[in-house]
Amino acid sequence: MALFLPKVIQREKTKIRMILEKGITLDGLVIDYHILKHFWKVINGIITLVLRKNKEAKILVNPRTDVLQLEKEIRASRKTFEHIFKIAEIYGAEIKSDKTFEPSYLEKRLDIMIKNLVQTHKTLCFEDLEGAIKCPEFFIPPYFVPGDYDDEWYKLTLNSIVLSEEKVSKTLPILAPIVVSKPILKHTSKVRMVVNDYIQLLKTMDNIKGYVIIPYGVNEYSESGTILSNIVLLASQLKKETNDFILAFTGEFGNVLAAFGVDAVSSGICWGRNPAEPTILEGIMPLARTEEQLYIHAIFRKTYLDKTIKLLTEKPEIYQCDCPVCSHHRKTMPKPSDFVQLMDTNDVSVHYAYWRIKELKMYHNNPDALLKDLEAGYKILKEYNEKVREEYFFLGKGRYRLTISNAHLKTWINVVRDHLR
């Protein structure tokens, strides 16, 4: 099993329709509870589209009770968050009081949160093409983000899982949430303790059939090797000890996790536009605009259009893509550097979904194949950067380097090597 379960928000209906119309089948979806409730009609339509294409698709609802830990100003900033307050039955003046959102107070609300989520879960049913009813496959209990191992928030999540065993029907398997923040991931000893805690849970609970790993505040492109290696350790040890279903919330680093046994990865569908962050010359103001990004399998990341065109001009042989979008354009334009300029945000999303699915299947339980491709990608970028080191592209009066960082590839290579020893 190697599944890509996109995290979906209501704005992405068009992208999903395009992905499905281009012949790509999605393995399922992960939807945040408050988004699902607030945009029920739209999200229901998105789920129906996916199920009509694949009646076996997994539909999961992420409770997102970490919203209850936000600061007062942020808590009140989005109307959708009110749905999280409602499942905790927090209203009026209580919402304005910071004491309401302390661990000791929320612990008293765990029982009602789980009860309300379970009750709501029974109503979340969707029809596939044949009219068969499908509901979310797992129940994910409320969870919270710990400041460190074994603090009040960490214990609150464990208590939530135990309480869920009592409230959830035996016919509905539990996906136990494992939220790990940087203070935990910086220390291998703490990660091992987390693994032991969850293995002990399994011994006392019959209804845990899997885990969802949620690395909090981790940037997979810039974190230290220790943090990324410890995410792999957490996932691989759980898989080895339990052989249960494991879902991880992560992006391209999910390739590494899949190589060491993780069953499914959830991330956003590739945004066609993102804040641009190229290397900026000293004294030049940051780039205040957005631009297209395209995922390139050979270098394992999304790259800004200006850099992509230059890369594919210098090394056109690296772009071997047979996704529906690229296959269509290649019929009239053999040069990738020409046709990538024609891609719009929906095309980029189709291309990205194609590669996420393909890569997860290519590397699932196959770290040697992943390592080989990562090393090749590092070499490609090293050669490219040496060639364009002094070259720039211009935006208005600003100029920006055409080099593409390959630091993340070096880190990922070291992580895979360490876990193959």
Side-chain angles (χ1 to χ4, degrees), residues 1-5 7 27-28 30 58 60 62 138 140-141 143 145-146 149 154 157-158 161 173-202 208-221 223-267 300 356 359-371 374 408 411-421:
M1 188 187 304
L3 309 176
F4 174 47
L5 309 179
K7 178 185 175 184
D27 301 312
V30 174
K58 294 181 181 295
L60 299 175
N62 179 6
F138 291 95
I140 303 176
Y143 62 80
V145 181
Y149 172 74
Y154 181 85
T157 299
L158 290 181
I161 298 168
I174 291 173
L175 206 58
I178 307 174
V179 191
V180 279
S181 53
K182 286 187 183 181
I184 295 174
L185 291 170
K186 286 178 179 178
H187 303 279
T188 302
S189 59
K190 293 180 180 180
V191 172
R192 292 190 184 280
M193 288 190 284
V194 171
V195 172
N196 289 335
D197 288 343
Y198 279 81
I199 290 174
Q200 289 304 312
L201 269 183
L202 183 65
I208 293 182
K209 303 301 180 184
Y211 307 90
V212 52
I213 298 173
I214 309 168
Y216 191 81
V218 173
N219 183 335
E220 60 189 19
Y221 286 129
E223 296 299 350
S224 70
T226 298
I227 287 177
L228 296 180
S229 183
N230 279 332
I231 296 175
V232 177
L233 174 66
L234 172 61
S236 61
Q237 283 298 304
L238 275 173
K239 192 64 184 177
K240 179 181 178 181
E241 296 293 333
T242 71
N243 200 33
D244 286 333
F245 178 81
I246 297 180
L247 164 68
F249 288 177
T250 183
E252 281 69 65
F253 189 69
N255 295 334
V256 178
L257 299 179
F260 290 95
V262 165
D263 302 289
V265 171
S266 180
S267 65
F300 288 89
R356 294 298 288 130
E359 286 182 346
L360 287 172
K361 296 187 188 310
M362 285 168 59
Y363 302 125
H364 190 237
N365 288 324
N366 195 351
D368 291 308
L370 175 61
L371 179 60
L374 289 174
H408 76 287
T411 301
W412 294 10
I413 288 167
N414 290 335
V415 167
V416 175
R417 283 176 180 167
D418 286 347
H419 285 273
L420 280 174
R421 290 173 182 168

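Residue indices begin at 1 and follow the sequence shown. Every heavy atom of this structure was used, including side-chain atoms; hydrogens, water molecules and symmetry mates were not.
Annotation for Leu175 and Leu247: closest pair CD2-CD2, 4.2 Å, computed over non-hydrogen atoms. Nearest heavy-atom pair across Val179 and Ile184 is O-CD1, 4.4 Å. Among all heavy-atom pairs drawn from Val262 and Ala264, the shortest one is CG1-O, 3.3 Å. Between Glu252 and Tyr221 the shortest heavy-atom distance is OE1-OH, 2.8 Å. Of all heavy-atom pairs between Gly261 and His364, the closest is O-NE2, 4.0 Å. Residue Leu374 comes nearest to Val416 through the heavy atom pair CD1-CG2, 4.0 Å, listed as atom of the first residue, atom of the second, then distance.
You'll find the side chain of Ile214 stays beyond 4.5 Å of the side chain of Val180, heavy atoms only. Two residues are said to be in side-chain contact when any heavy atoms from C-beta on lie closer than 4.5 Å; Arg421 and Asp418 meet this criterion. With a 4.5 Å cut-off on side-chain heavy atoms, Asn366 and Leu370 do not count as touching. Taking the side chain as every heavy atom from C-beta outward, Phe249 and Val218 never approach each other to under 4.5 Å.
Using modelled atom types and a 3.5 Å distance limit, the side chains of Asp263 and Tyr211 yield no donor-acceptor pair. Neither side chain, His419 nor Ser236, offers a donor N or O lying under 3.5 Å from an acceptor on the other.
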Inset, instruction - With side-chain hydrogen bond (donor to acceptor under 3.5 Å, both in side chains) as the test, would you mind laying out the steps for Asp197 and Tyr149 before giving the verdict? - result: CA-CA 11 Å; Asp197 288 343; Tyr149 172 74; 2.8 Å; yes

Inset, instruction - Evaluate side-chain contact (heavy atoms from CB on, under 4.5 Å) for Phe4 paired with Ser267, printing each intermediate quantity in order. - result: CA-CA 8 Å; Phe4 174 47; Ser267 65; 3.5 Å; yes

Inset, instruction - Evaluate side-chain contact (heavy atoms from CB on, under 4.5 Å) for Leu233 paired with Phe260, printing each intermediate quantity in order. - result: CA-CA 9 Å; Leu233 174 66; Phe260 290 95; over 6 Å; no

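Formation of a donor-acceptor pair under 3.5 Å by the Lys361 side chain with backbone atoms of Ala2 is found in this model. Of the possible polar contacts, none joining the Trp412 side chain to the Phe300 backbone as a donor-acceptor pair under 3.5 Å is found. Of the possible donor and acceptor atoms, one in the side chain of Arg356 sits under 3.5 Å from a partner among the backbone N and O of Gly251. Of the possible polar contacts, none joining the Asp27 side chain to the Leu3 backbone as a donor-acceptor pair under 3.5 Å is found. Distance alone, capped at 3.5 Å, places no donor-acceptor pair between the Glu241 side chain and the Gln237 backbone. Without hydrogens or angle criteria, His408 side chain to Glu223 main chain gives no donor-acceptor distance under 3.5 Å.
Checked against a 6.0 Å centroid threshold, the rings of Phe245 and Phe138 count as neighbours.
The distance from atom OG1 of Thr226 to atom CG of Asn230, rounded to the nearest 0.5 Å, is 6.5 Å. The CD1 atom of Ile231 sits 8.5 Å away from the CD1 atom of Ile213 when rounded to the nearest 0.5 Å. Rounding to the nearest 0.5 Å gives a distance of 9.5 Å between CG of Leu257 and CG of Leu360. Here the straight-line distance linking atom NZ of Lys186 with atom OG of Ser181 works out to 9.5 Å at 0.5 Å rounding. Residue Thr250 holds its OG1 atom at 8.5 Å from CG of Leu228, rounded to the nearest 0.5 Å. A distance of 7.0 Å separates CD1 in Ile246 from CD1 in Ile178, rounded to the nearest 0.5 Å.
Taking 4.0 Å as the cut-off between side-chain N and carboxylate O, Lys239 and Asp244 do not count as a salt-bridged pair.
Classified by interplanar angle (parallel below 30°, tilted 30° to 60°, perpendicular above 60°), the ring pair Tyr198/Tyr154 is perpendicular.
Residue-environment remark: CZ (Arg192) stays at or below the threshold of 12 foreign heavy atoms within 6.0 Å. Within 6.0 Å of NZ in Lys240 there are 12 or fewer heavy atoms belonging to other residues, nucleotides or ligands.
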